[in-house]
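Before any comments, here is the structure.
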2 protein chains.
Amino acid sequence: MTRTPTIADVARLAGVGKGTASRAISGNGAVSPETLARVREAVAALNFRPSNAARALSTKRTGMVGIYVHDFAGDFFGPILQAVDGELRGANRHMVAANGCGLGVGAGPDDGDARQRALDGIRFLIERECDGVLVVSNALSSEDLDMLWSEKAPLVVLNQTSPSKPEHCFSTDHELAGRLAAHALLQQGHRELACISGLHTAPDNALRMAGFHAELAQHGVIIPPSHQREGQFSFDGGHAAAQALLAQGLDFSALFCANDTMAMAAIACLGKAGVKVPDQLSVLGFDDSVLARYTTPALSTVRVPSVDMAANGCRFLLNLCYGLTLPVQREFPPEVVWRDSVRPGPHANESTPAVQVKMARKRSPTFKA
Amino acid sequence: MTRTPTIADVARLAGVGKGTASRAISGNGAVSPETLARVREAVAALNFRPSNAARALSTKRTGMVGIYVHDFAGDFFGPILQAVDGELRGANRHMVAANGCGLGVGAGPDDGDARQRALDGIRFLIERECDGVLVVSNALSSEDLDMLWSEKAPLVVLNQTSPSKPEHCFSTDHELAGRLAAHALLQQGHRELACISGLHTAPDNALRMAGFHAELAQHGVIIPPSHQREGQFSFDGGHAAAQALLAQGLDFSALFCANDTMAMAAIACLGKAGVKVPDQLSVLGFDDSVLARYTTPALSTVRVPSVDMAANGCRFLLNLCYGLTLPVQREFPPEVVWRDSVRPGPHANESTPAVQVKMARKRSPTFKA
DNA sequence: CTGAAAGCGCTTACAG
DNA sequence: CTGAAAGCGCTTACAG
C-alpha cells in the first residue's frame, strides 16, 4: 500500500490496541517495556509519523507559536526571528510568523495604519490556532495589549512593557538606555547636539528619547527643536532627517540616532555632503545591530540585548503554553559600545559632569517563574 | 456558554443540517440564497471561526506553506520572507518558516554541515504538513533536490536551477549576472582586479564567479589566485578577505564582491586601513540589497530581482498546491546599478572592449503555467 | 438544494 | 499496564 500509515497500522503491526500504541508513541501514559519496544519497531518499520492535524484536533494544541513583527526585513527583526525559531525548535515546537507589511500583492508597507495591521496580524496568528503568540510591535497601546490579553491565546510582548501584565513583557529599560546615550556624548565632551528619533508614536522611541533628553537637561544641555528630527527608524527616514539637519548648517558636534539603521543612513548622507565622521561630526547609534560593526566608520552605539530578550520571552511563553520549566531571565541591561564614530568633542577637557545614570537602574520585581 | 462555537452550533441556530452549514461557510457546494443568508447570520451572531485543525484533518490540506531559508537575518532573506508572506496572506494561506541556524539553544550557525541542516529544515516543514514548500538554500545538490522532489509535498526552489525540474525553479541567470559585473568593471577602465567570492560550495556563487571570470578572460584579463579570496557571503568573511587582500598591497584598481554584505564589510575594512573608496579603489557589489544605497560611499552593484523571484515562485507553488491560477512570470534579468563606489579606472581612455554580454541572454523555455 | 452518516487520525477517560 | 469506545470539529459522498 502506498497510503501513509496511521496509528492503526502501527497498532495492528505491533499487535496492540490503538490506545496503547498512542500512549507508547506520545509518551503520555504508562506502557510496559516490551510493548514499547514492539511499538517502536512497528513505527520504524512503517516509517510512521503522527498527524499533527489529528493530534491538534484531539488535544487542542497545535504545537505552533506565532510571532508578530512589524517587518521581516531590517537588521533588528532578523536576529529576533532567528532566536525565537531556535528556541522553539529546541522545544520541538514551531514558529509561524506574520508581519505587518505584506497583506496581499498590492499592499505596500504604508497603507492602512500600523496599529490596525498589528492587530490584524496578531489575530491572524490566534485564529490560525497558535498555542501562544509573541509580539514585537511599537504600534500598540497598553489598552490594545489588554484587549489582546483577553483573547484565548497566551501572549507575551517583547520590547515594550505594560503595567497590567508586567510579567508577560520582556524589554530592556529604554529610558535608561536613552540616558546612557546622553551620558556617552556628554562624557566625550559634546554639548552642542542634534538627534534623529524614531517613530514618534512608538513607546520604545518615546522612552528612549525622554531618557536621552532628561539626562542632557540634568547637565544643562538642551537640544533646540530645529535640531531634533524624526526618521521613522528607517534608512530613508534617517537619510532625509540628516539632510534636513545639514541644510541648517553644522553647528553641532554630535548626532544621536535612535537606531543603527538611521545612523548608517545619516553617515551616508553626511559622507555625500562631504562632512567627515567622526572628524567633523560624531554620530552615536542605538541597538548594536549587525550593521554597527561594518559601517564606515564603525558605529559607536548603545547595545540592547534584543536576542536575549526574545529568547527569554519565548521560553517564558513556552512554559506558559506547555507547562515546561525552561529557565527564564528578565534583565536585559543596555550598555554603550565604543567603536569609531564618536570622537572627543569641543568640551572634552572640561570636567566631565558627574552622571547619575546608575541611579536610574532599578531591579525589576521578582515574579513567579 | 463560554465554549467556542462549532459548526454544529451554527447549524442549529440557522436551522439547517451540519452539512449545509459547512457548504455555506466553505463555499464548496451549492446552497440556496436564503439558506446562505441564515447561515451567515448565525456565523456572525456566534462569531464562529472554523477550526483549522478539523479542516486539515478532513481535507488533508493545512493551508500552510513552508519556506526554508538558511538564515533569517541578513539583507538577502528578509525581503524574500516578506514577499512570500505577502503572497500567501493575499491567497489566504500562511507561511511557516524554518531556517538552518537555530536548532535548539546551543546550536550556533556553524555546527553540523549546511547541507544536513537544510535537509532537516525542509523535512521538518514537510512533516509539519505544509501543503508545499519553498526552499532557498545554496547547500543542496541537484541530487538532493531530486530526493526532496520525491517526497510528498510539492517543492519549489528559489535562486537555483535544476535540470530535472526546471519549471519548479525560479532563479536569475547567475552566470549572466557575473558577466555583467565583469563588463561593468571593464567598461569603466579597470583591468587590474581582485575579487571576493561567496561560499565556494554554493551553486549561485559558482555560476556568478564563472561568468565573471569568463567575461574577463574574453577580454584578456585574468585575476591571479592571490587576488581571489573567499568571504562566505558574510560581513565577517568579507572583512577578513579584504584584510588579506590589502596585506598584499594595493596593486589593483577595482574589487568585485559576490554580495553587498561582503562589499559593505570590505569598504569598512578599507576605510579603517585608510584607503579611499572609490578614489583609490573601486568596489562593486552584488544583489542590490537594502544596504546598497546606504553604505558610504553608496554601492554600485548588480541587481538581481530576488523579491520578484520569490513572489513568482510562491505563486507558482500556490497554483500547484491549491489549483489556483495566479499569474507567474519566469524572467528575472540582472542589471547593474550605478552608484558611487565605482569610478573610472586607469584604462578608462582605452577603447572599451566590445562585450558580448547580450549574447549570453537566453529566453527561458515556456512551460505550462 | 439539503440532511444524515461516515470518516479524517489521533487521544483520553473508562473499565478491567 | 491494556483495549474498546467515544470524541475532537470539520467535510463529503450518498440519497433524496
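Chain identifiers are assigned alphabetically (A, B, ...) following the order of the sequence lines, protein sequences preceding nucleic acid strands; residue numbering begins at 1 within each chain.
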d([atom1], [X]; [atom2], [N]) in whole Å:
X       : N      : atom1 : atom2 : result
A/Asp9  : C/dC10 : CG    : P     : 9 Å
B/Leu36 : C/dC1  : CG    : C1'   : 12 Å
A/Arg55 : D/dG7  : CZ    : P     : 22 Å
A/Ile7  : D/dG3  : CD1   : P     : 12 Å
A/Arg38 : D/dT2  : CZ    : C1'   : 11 Å
B/Arg12 : C/dG3  : CZ    : P     : 14 Å
A/Leu57 : C/dT12 : CG    : C1'   : 13 Å
A/Arg61 : D/dG9  : CZ    : C1'   : 17 Å

Would you please confirm or rule out a distance under 4.0 Å between OP1 or OP2 of [N] and any side-chain N or O of [X]?
X       : N     : value
B/Thr20 : C/dT2 : no
B/Lys60 : C/dG9 : yes
B/Ser32 : C/dT2 : yes

If the plane angle is over 60° it's perpendicular, under 30° parallel, otherwise tilted; pick one for A/Phe170 and A/Phe332. tilted
Please state whether the rings of B/His94 and A/Phe124 are parallel, tilted or perpendicular, taking 30° and 60° as the class boundaries. perpendicular
For the student: nearest non-hydrogen atoms of A/Gly15 and A/Arg38, plus distance: O-NH2, 3.9 Å
Nucleotide nearest [X] when distance is taken to its side chain, options [options]:
X       : options                : result
A/Arg23 : C/dC10, D/dT12, D/dG3  : D/dG3
B/Thr6  : D/dT2, C/dC10, D/dG9   : D/dG9
A/Thr35 : D/dT2, C/dT11, D/dG3   : D/dT2
A/Asn28 : D/dT11, C/dT12, D/dC10 : C/dT12
A/Ser58 : D/dC1, C/dT11, C/dT2   : C/dT11

Salt-bridge present (B/Glu129, B/Arg61; N to O < 4.0 Å): no
Please give the distance between the P atoms of C/dC1 and C/dA5 as a whole number of Å. 23 Å
Report the base-pairing partner of D/dA4 (Watson-Crick or G-U wobble, both distances below 3.5 angstrom), or none. none
Hunt down the Watson-Crick or G-U wobble partner of D/dA13, both distances under 3.5 Å, from any strand shown, or write none. none
Hydrogens and angles aside, do B/Asn52 and B/Arg55 bring a side-chain donor and acceptor to less than 3.5 Å of each other? no
Step through it carefully: locate the ring centre of B/Phe77, locate the ring centre of B/Phe72, and say whether they are under 6.0 Å apart. no
Base, sugar-phosphate, or nothing for A/Thr59, non-hydrogen atoms under 4.0 angstrom? sugar-phosphate
With heavy atoms under 4.0 Å as the rule, sort A/Lys18 into base, sugar-phosphate or nothing. base
